[in-house]
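A quick write-up on the structure given underneath.
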Amino acid sequence: MVSAMSEKVFLSGIQTTGEGQPTLGNYLGALKRYVDLQNEGDSYFFLANSHALTVRIDPAQLRHNTLSMAAWYLAAGLNPKTATLFVQSQVTEHAQLAWVLNTFSQMGELERMTEYKDKASRNKGNINAGLFTYPVLQAADILLYQPTHVPVGEDQKQHLELCRNIAIRFNNLFDQSTFTVPEPFIPTTAARVKDLQDPTSKMSKSLAGQGCVFLDDEDKVIEKKFKRAVTDNEAQVRIDEQNQPGITNLLEILATISGKSMEQAQADCADMQYGTFKQAVADAVVAKIAPIRTKHAELITNTDELETILADGAARARTVAAKTLANVYDTVGLLKA
Ligand code: TYM
């Protein structure tokens with residue numbers, strides 16, 4: 001339950017893009033951590049469906065993805081009575097605060113965002129203004145809830161830095177602490193899970209080849225993807241990011257999924273041949289993911305129940321978001337409805 005006394009406040013979210021299923025990177029860098037953190041403070045975890053509009057998506061697919069992603073959060077172990085689980089578009093304060101924050105964000109700083117540059121180069125036919133102001137909406141998502149910590153993977157560091165700058169700028173300009181300035185909360189392992197086929201690139205929905213593992217992949221598919229994972233000629237299971245990025249990535253996945261340190265995972269596998277090692281990583285991943293996939297399949301059949309959970313989450317989120325927005329409107333001189 002949300003308590004006014006807790007010191008830590010966590011907030012984070014995942015986009016409902018693609019076909020709505022999280023990748024192993026989303027799971028290790030985000031979802032699994034949400035589940036671990038939900039009992040350590042107040043927590044707000046949401047589905048970033050408005051952000052998903054920045055890349056063309058079929059409306060029916062987007063609706064499906066949103067409910068499906070909610071089911072993944074629950075299947076992974078999020079307790080909606082403990083954490084506030086909600087959909088971004090159902091709390092209209094996100095869009096309202098984003099507008100105000102747009103006027104406190106500089107074109108130059110948005111132009112420097114690497115994610116924008118990447119996405120713009122991949123979507124040349126649709127470089128829309130939403131893609132450009134995407135990180136401002138993200139700042140609004142965060143600042144509405146005054147979180148102390150934002151658990152994210154490494155790729156979100158730059159957006160978090162921008163969010164902090166906007167918050168600090170706003171607070172300084174009006175000489176008050178309207179916003180809590182949040183810390184990016186990046187894990188020590190699996191902060192950037194790499195593609196199994198190209199261990200120098202991030203595992204990502206947008207690459208989505210044989211190197212990307214999805215939570216809804218069948219066991220056999222997961223095993224095949226790990227079996228084909230790119231390794232090296234060193235013939236030794238060892239942490240060496242520089243010379244053995246594939247093996248190091250596999251060790252990172254194994255360590256995180258089994259709750260061990262990298263050193264422990266390395267020690268456990270030091271004597272293994274690469275084939276055996278890959279099978280061991282695949283087994284650990286399957287053991288963790290298969291029950292989540294089964295649970296998801298069960299939850300997704302009951303859309304009424306999912307919608308009820310999300311409506312309750314949105315109502316709880318709104319009470320907090322409305323308070324921050326009212327304060328911001330007062331501060332900048334906007335009349336309230
Ligand atoms: P998204 O949807 O791309 O990813 C969701 C979360 O998963 C993490 N992640 C990874 N972590 C480790 N290794 C990987 N290969 C990997 N791939 C993805 C991301 O770092 C992220 O934590 N802009 C955000 C969504 C968002 C958000 C927010 C996040 C919107 N508003 C407010 C936090 C707070 C995004 O695109 O994440």
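We count ligands from 1, going down the list as the structure has it; atoms in each ligand are counted the same way. Counting begins at 1 with the first residue of the sequence.
- In the model, S89 has a side-chain atom that pairs as donor or acceptor with a side-chain atom of N49 under 3.5 Å.
- In this structure, K8 is not positioned above the aromatic face of F185 in the sense of NZ or CZ being under 6.0 Å from the six-membered ring centre and within 45° of the axis.
- T17 and H51 form no side-chain donor-acceptor contact under 3.5 Å, judged by distance and modelled atom types alone.
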As a test of reading the model: which N/O atoms of the protein lie under 3.5 Å from N/O atoms of ligand 1, and at what distance?
{"from": "ligand 1", "atom 1": "2 (O)", "to": "Q15", "atom 2": "N", "distance (Å)": "2.9"}
{"from": "ligand 1", "atom 1": "4 (O)", "to": "N26", "atom 2": "ND2", "distance (Å)": "3.3"}
{"from": "ligand 1", "atom 1": "7 (O)", "to": "N26", "atom 2": "ND2", "distance (Å)": "3.1"}
{"from": "ligand 1", "atom 1": "11 (N)", "to": "G25", "atom 2": "O", "distance (Å)": "3.3"}
{"from": "ligand 1", "atom 1": "13 (N)", "to": "V193", "atom 2": "N", "distance (Å)": "2.8"}
{"from": "ligand 1", "atom 1": "15 (N)", "to": "V193", "atom 2": "O", "distance (Å)": "2.9"}
{"from": "ligand 1", "atom 1": "15 (N)", "to": "M203", "atom 2": "O", "distance (Å)": "3.0"}
{"from": "ligand 1", "atom 1": "20 (O)", "to": "G153", "atom 2": "N", "distance (Å)": "2.8"}
{"from": "ligand 1", "atom 1": "20 (O)", "to": "D155", "atom 2": "OD1", "distance (Å)": "2.4"}
{"from": "ligand 1", "atom 1": "22 (O)", "to": "G153", "atom 2": "N", "distance (Å)": "3.2"}
{"from": "ligand 1", "atom 1": "23 (N)", "to": "Y134", "atom 2": "OH", "distance (Å)": "2.8"}
{"from": "ligand 1", "atom 1": "23 (N)", "to": "Q138", "atom 2": "OE1", "distance (Å)": "2.9"}
{"from": "ligand 1", "atom 1": "23 (N)", "to": "Q156", "atom 2": "OE1", "distance (Å)": "3.1"}
{"from": "ligand 1", "atom 1": "31 (N)", "to": "D141", "atom 2": "OD2", "distance (Å)": "2.7"}
{"from": "ligand 1", "atom 1": "36 (O)", "to": "Q15", "atom 2": "NE2", "distance (Å)": "3.0"}
{"from": "ligand 1", "atom 1": "36 (O)", "to": "Y134", "atom 2": "OH", "distance (Å)": "2.8"}

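- The minimum heavy-atom distance between M262 and T189, with the atom names listed, is CG-CG2, 3.7 Å.
- Partners of Y116 according to the ring-ring contact (aromatic ring centres under 6.0 Å, His included) rule, which considers only residues two or more places apart in sequence or in another chain, are F132.
- Q138 and H159 share a donor-acceptor pair across their side chains, judged by distance under 3.5 Å alone.
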